[in-house]
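Okay, so here's the structure we're looking at.
Worth knowing before you read on, the calculation uses all heavy atoms, side chains too, and leaves out hydrogens, waters and symmetry mates. Start at 1 and go down the list; that is how both ligands and their atoms are numbered.
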Amino acid sequence: MLVIMKDHASSAEIQHVVDLLTEAGAEAHLSQGEIKTVIGVIGDREVIYRLEFEGLPGVEQVIRVLKPYKLVSRDFQAEPTVVRVRDTAIGGGAFGVIAGPCSIESEAQMFDVARAVKAAGATMLRGGAFKPRSSPYAFQGMGVEGLKLLRAAGDEVGLPVVTEVLDVRDAAVVAEYADILQVGARNMQNFMMLDELGTMDRPVLLKRGLAATIEELLSAAEYVLKGGNRNVILCERGIRTFETFTRNTLDLSAVAGLKLLTHLPVIADPSHAAGRRDLIAPLSNASVAAGADGLMIEVHPDPERARCDGPQSLTPPAFAVVMDALRPRIALEGKTLGGGK
Ligand code: PEP
Ligand code: MN
């Protein structure tokens, strides 16, 4: 932290700040110019962060260079976290492709799509049983019946399954059926839920909020890690901007930036970012080039009749084409689909 004193601050004002820092157990390092004094502060982050110097006599500005997160940062852990689920992995050279419909609609739909995405090379199966819908009149998902279909379809084709926990009250039942618990964009800052998932033994797929900053996403992940659950995958799924051509704007800077800031795996979801199927291939390729550790792609056997997110869903053959184009790009980045097992 830096405390920047006003021009010509008196030595009593400077000393007062130094005394407060010393009392708090921190070290104060003074850079004194003719006009300005800047006090560099070193000490326990937790303690220093709580000190309120703004508004003290002679203080112009306080710059907190400390980050509001710790466990998720690369400074804390240099080597990448690899999230392993059954015989597949995401992170640290393992590239994951999570594919499946937006929502689970029927046994036939779920089994069809599971077989198709497995054949095309997906490493995990997705499907929503509890759906966060903007309108309360839209299809809300099949609930526990849907979870059972997802599990059965995943087991048949040998893919781990990912599904969303919409409410902290459903966390336990979702964990009974799912291998990875997804926290949706609208729940990214549901701190009670993040606390609860932090105590569970299932990896968490944390999607970036529609208007959340990178720092807010990392701080949300910190809640889960602080609870003891170190297996978190971050997902860039597009953010709200002024652009209307796409549903959201895929923030590739966030993918590349997160890879600098955190050891956690980072995946991209071009489906919810674009909201249109004709952009899934280029955005998937771009995500791989930006350093993503994986992708989440919506696939539906009959997108025109999908109960949710049809316009952005790929048909199984279109998904296979995307996967074929991705393979050499994943290899070029030195990564292996599913970790190579
Ligand atoms: C989803 O993955 O189906 C979903 C609802 O995503 P998001 O929370 O990113 O909107
Ligand atoms: Mn969806």
Side-chain angles (χ1 to χ4, degrees), residues 90 96-105 109-110 113 117 122 124-136 138-143 146-147 149-150 161-168 170 174 178-190 193-194 197 203-212 214 216-217 220-221 232-241 246-251 254-255 258 266-277 279-280 283-284 287 292 294-315 319:
I90 296 187
V97 178
I98 305 168
C102 181
S103 58
I104 302 154
E105 298 168 4
Q109 172 238 23
M110 211 48 238
V113 84
V117 300
M124 295 191 201
L125 180 65
R126 66 152 282 154
F130 296 94
K131 294 305 303 175
R133 304 304 299 278
S134 299
S135 163
F139 177 53
Q140 305 287 310
M142 288 180 75
L147 293 177
L149 291 178
L150 177 69
V161 299
V162 184
T163 196
E164 178 166 352
V165 182
L166 193 56
D167 189 293
V168 68
D170 302 326
V174 176
D179 297 294
I180 296 188
L181 307 176
Q182 176 173 324
V183 176
R186 291 154 193 82
N187 259 324
M188 189 202 82
Q189 286 187 316
N190 182 338
M193 181 140 98
L194 298 172
L197 298 182
V204 172
L205 172 65
L206 180 61
K207 299 190 89 173
R208 182 182 183 185
L210 280 74
I214 291 171
E216 285 163 345
L217 173 59
V232 175
I233 301 163
L234 302 173
C235 180
E236 160 57 36
R237 47 77 73 208
I239 49 172
R240 282 265 164 97
T241 67
T246 47
R247 182 176 177 184
N248 293 287
T249 297
L250 183 66
D251 183 6
V255 173
L258 283 165
V266 179
I267 70 168
D269 170 355
S271 305
H272 291 88
R276 41 188 300 158
R277 70 175 66 86
L279 292 185
I280 305 304
L283 295 183
S284 297
S287 301
L295 289 163
M296 174 176 259
I297 299 177
E298 286 189 338
V299 181
H300 193 286
D302 187 2
E304 286 177 14
R305 291 187 180 76
R307 298 194 69 180
C308 181
D309 288 349
Q312 68 198 34
S313 299
L314 293 177
T315 59
F319 175 66

### Query
Any N or O of Asp269 that comes nearer than 3.5 Å to an N or O of ligand 1?
no
### Message
Does any part of the side chain of Leu295, heavy atoms only, come nearer than 4.5 Å to the side chain of Pro270, both counted from C-beta?
### Response
yes
### Query
Within a strict 4.5 Å, meaning less than it, do heavy atoms of the Cys102 and Lys131 side chains meet?
yes
### Summary
The protein heavy atom nearest to atom 6 (O) of ligand 1 is Lys207 NZ, 3.0 Å
### Task
Look at Arg126 together with Glu298 and state whether they make a salt bridge at an N to O cut-off of under 4.0 Å.
yes
### Message
Contact between Leu205 and Met296 at the side-chain level, heavy atoms closer than 4.5 Å - yes or no?
### Response
yes
### Query
Got the closest protein heavy atom to atom 4 (C) of ligand 1, with its distance?
His272 NE2, 3.5 Å
### Query
Are any of the side-chain heavy atoms of Leu125 and Met110 separated by less than 4.5 Å?
yes
### Message
For a 4.5 angstrom cut-off between non-hydrogen side-chain atoms, does Pro203 reach Ile90?
### Response
no
#### Entry: Atom indices of ligand 1, in the order listed, that fall short of 4.0 Å to a heavy atom of Arg237
7 (P), 9 (O), 10 (O)
### Query
To the nearest 10°, what's the angle at the Mn ion (ligand 2) between atoms SG (Cys102) and NE2 (His272)?
170°
### N/O/S atom name from Glu298 that is nearest to the position of the Mn ion (ligand 2)
OE2
### Task
Distance to 0.1 Å, residue and atom name: give those for the protein heavy atom nearest to atom 8 (O) of ligand 1.
Ala185 N, 2.8 Å
### Query
Would one find an N or O of Glu164, backbone or side chain, under 3.5 Å from an N or O of ligand 1?
no
#### Entry: Arg237 and Leu210, any side-chain heavy atoms less than 4.5 Å apart
yes
### Query
Any side-chain donor paired with an acceptor under 3.5 Å for His272 and Asp309?
yes
### Task
Give yes or no for whether the N/O distance cutoff of 3.5 Å, strictly under, is met between Met296 and ligand 1.
no
### Message
Under 2.8 Å from the Mn ion (ligand 2) - does any N, O or S atom of Cys308 fall there?
### Response
no
### Task
Report yes or no: does Arg208 have a heavy atom closer than 4.0 Å to ligand 1?
no
### Query
Taking atom 5 (C) of ligand 1 as the point of reference, which of Ser271, Gly184, Gly100, Pro132 owns the nearest heavy atom?
Pro132
### Task
Report the C-alpha separation of Ile239 and Asn248 in whole Å, then their side-chain angles, then the decisive distance to 0.1 Å, and conclude whether the side-chain contact (heavy atoms from CB on, under 4.5 Å) test is met.
CA-CA 5 Å; Ile239 49 172; Asn248 293 287; 5.9 Å; no
### Task
With the Mn ion (ligand 2) as the reference point, give the N/O/S atom of Asp309 that is nearest.
OD2
### Task
Below 4.0 angstrom from a heavy atom of Lys131, which ligand 1 atoms are there? Numbered from 1 as shown, please.
1 (C), 3 (O), 5 (C)
### Query
Quick one: are Ile297 and Val299 in side-chain contact, heavy atoms under 4.5 Å?
yes
### Message
Any nitrogen or oxygen of Asp309, side chain or backbone, less than 3.5 Å from one on ligand 1?
### Response
no
### Task
Taking only heavy atoms of Glu298 into account, list the atoms of ligand 1 that are under 4.0 Å away from them.
3 (O)
